[in-house]
Structure formats: structure tokens, C-alpha cells
Amino acid sequence: MSRFFVAPEDVGAEYITIENREDLHHMNKVLRLKAGDEIDVSDGDMWEYHGKILSLEPECCQVEILDKQKFSAEPETKITLFQGIPKQGKMELIVQKAVELGVYEVIPVATHRAVVKLDEKKAAKKTARWNAIAEGAAKQSGRDVIPVVKNVMTLEDALAYAADLDLILMPYEDAQGMAKTRRVISEIRQGQSVG
């Protein structure tokens, strides 16, 4: 079943309106959907809908709501991935797999020793690309929300952002005694934010 995302304000009592150009192009040209076909729609906030396409035009799609339920596919623990920016195109794969595994948000971190150095313009362009990858991965894996890839942060900014999380886990290749780490991970409570 094809899945699409809309803003909560695009959902009415009986109908959903889809106006995203990329989604409409995908529906018309790639999936070749038509009136009568059924799709899944998420409002990215709390609800998941199953509906039937009433009309599909190049500028707009009207979907009749057949069923509505609260999200069921989202993990209750909100995991934030702080990721140092790797060289080449590896960040795209990291974002895709992190979203597929259930990460809530991804924060690219520009570290001092990173090979990749992004100026403000390049960073904005990369962030837009990573968010597009996150959206595609969310659709592909049946997520109820599209995890956000935040703007590139310095290490100092990332540490300040992490201070508001309930629990912080930092993997380290020379760490000894993994038993304590396993115990901490097993004690993570539902609803906690983890970075």
C-alpha cells in the first residue's frame, strides 16, 4: 500500500487533500494511481488514515477517509542520532538506515577532524537532500512520521542540544566492560528521549 504524508490541516472530517508536487507526480507518473485506488496517509502528528482516491489531478488529489487510527508503527522512545559528517555520500546511507530503524531525528555534527567541511550554503543544500532521503525512507518503511534531519551543528551546539535529552549513550571503540552499557540500555523507559 502506498503511503503519503500531509500536514494535519490538510485533513478534514471526511476528506484529505494532497497538494505536494512531488507526491502528485509520484502518484500520477510513477505509481499510475487513479480514482478508486486505496492509499495510506499519515498526518505526521498523531493519526494514520486509509482512504480511497476520489480525484487525482496534476495539482491536487482528494482522498475519502475510509479508516482512521492512532499511530502504531512509531517507537515510544525517541532516539536522536548525533552523526559526525562522514566523507563522500555515506551520510545519505546513514540517514536512510537510521530512519528505517526508527530514529526520531538526525543531527549532523561538523567535527574539527572531519574531512568534509561545509560552508553555510553547502550545509543547507545537504540538509535539504538528507531530509528528502529521510522522507523517502519513512514512506518505504511504513513510518508514521518523517524524522527530521536538523541543520548541521558544531560539536559544542550538539552537546548543548543533547543536554535536554533524558539519556545520552556514546559508543566508544576502546570501551571496556559492556555489561554496564547493556544494563543501562535495558533500563530505558518508554517515552524517554535518547541521544
Joint cluster assignment, [X] & [Y], ILVMFWY side-chain distance < 4.5 Å:
X: Met46; Y: Val145; value: no
X: Leu167; Y: Ile79; value: yes
X: Ile18; Y: Trp47; value: yes
X: Tyr15; Y: Phe5; value: no

Donor-acceptor under 3.5 Å (Asn131 side chain, Val149 main chain):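 Such a contact is found between Asn131 side chain and Val149 backbone.
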
Over all atoms of both residues, closest heavy-atom pair of [X] and [Y]:
X: Cys60; Y: Leu24; answer: N-CD1, 3.5 Å
X: Gln62; Y: Thr17; answer: NE2-OG1, 3.1 Å
X: Ser141; Y: Ala137; answer: OG-O, 2.7 Å
X: Pro147; Y: Val103; answer: CG-O, 3.3 Å

Could you please spell out the steps behind the side chain to side chain contact (heavy atoms under 4.5 Å, CB included) verdict for Leu81 and Ile94? CA-CA 10 Å; Leu81 173 64; Ile94 291 168; 4.0 Å; yes

Are [X] and [Y] packed together at the side-chain level, in the sense that at least one heavy-atom pair is separated by less than 4.5 angstrom?
X: Tyr49; Y: Val11; result: yes
X: Val106; Y: Met91; result: yes
X: Lys90; Y: Leu93; result: no

Tell me whether the count of non-hydrogen atoms from other residues, nucleotides or ligands lying under 6.0 Å of [atom1] in [X] goes above 12.
X: Tyr104; atom1: OH; answer: no
X: Glu22; atom1: CD; answer: no
X: Lys126; atom1: NZ; answer: no
X: Glu64; atom1: CD; answer: yes
X: Glu120; atom1: CD; answer: no

Go through the steps to decide whether Glu105 and Thr80 satisfy the test side chain to side chain donor-acceptor pair (under 3.5 Å), and finish with yes or no. CA-CA 5 Å; Glu105 64 183 349; Thr80 299; 3.0 Å; yes

Passing option when Arg3 is tested against Glu48, Arg143, Gln140 for side-chain contact (heavy atoms from CB on, under 4.5 Å):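 Exactly one candidate clears the test, Glu48.
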
Supply the atom-to-atom distance [X] [atom1] to [Y] [atom2], rounded to the nearest 0.5 angstrom.
X: Gln96; Y: Leu101; atom1: CD; atom2: CG; answer: 10.0 Å
X: Ile168; Y: Leu159; atom1: CD1; atom2: CG; answer: 8.0 Å
X: His26; Y: Asn28; atom1: NE2; atom2: CG; answer: 11.0 Å
X: Asn20; Y: Phe4; atom1: CG; atom2: CZ; answer: 9.5 Å
X: Arg21; Y: Glu59; atom1: CZ; atom2: CD; answer: 9.5 Å
X: Thr127; Y: Ile107; atom1: OG1; atom2: CD1; answer: 11.5 Å

Could you please spell out the steps behind the side chain to side chain contact (heavy atoms under 4.5 Å, CB included) verdict for Met27 and Ile39? CA-CA 10 Å; Met27 294 167 92; Ile39 61 173; 3.9 Å; yes

Run Asp157 and Lys150 through salt bridge (charged side-chain N to carboxylate O under 4.0 Å, His left out) and show every step you take. CA-CA 12 Å; Asp157 291 339; Lys150 298 279 191 182; over 6 Å; no

I'd like to know whether Lys70 forms a salt bridge (charged side-chain N to carboxylate O under 4.0 Å, His left out) with Asp144, so could you lay out the CA-CA distance, the side-chain angles of the two residues, the decisive distance to 0.1 Å, and finally the verdict. CA-CA 9 Å; Lys70 285 199 172 188; Asp144 291 319; over 6 Å; no

Check step by step if side chain to side chain contact (heavy atoms under 4.5 Å, CB included) holds for Tyr161 and Val109. CA-CA 11 Å; Tyr161 188 91; Val109 181; over 6 Å; no

Should Ile65 and Ile16 be marked as a side chain to side chain contact (heavy atoms under 4.5 Å, CB included) after you check the CA-CA gap, both sets of side-chain angles, and the distance that decides it? CA-CA 7 Å; Ile65 298 171; Ile16 298 170; 3.8 Å; yes

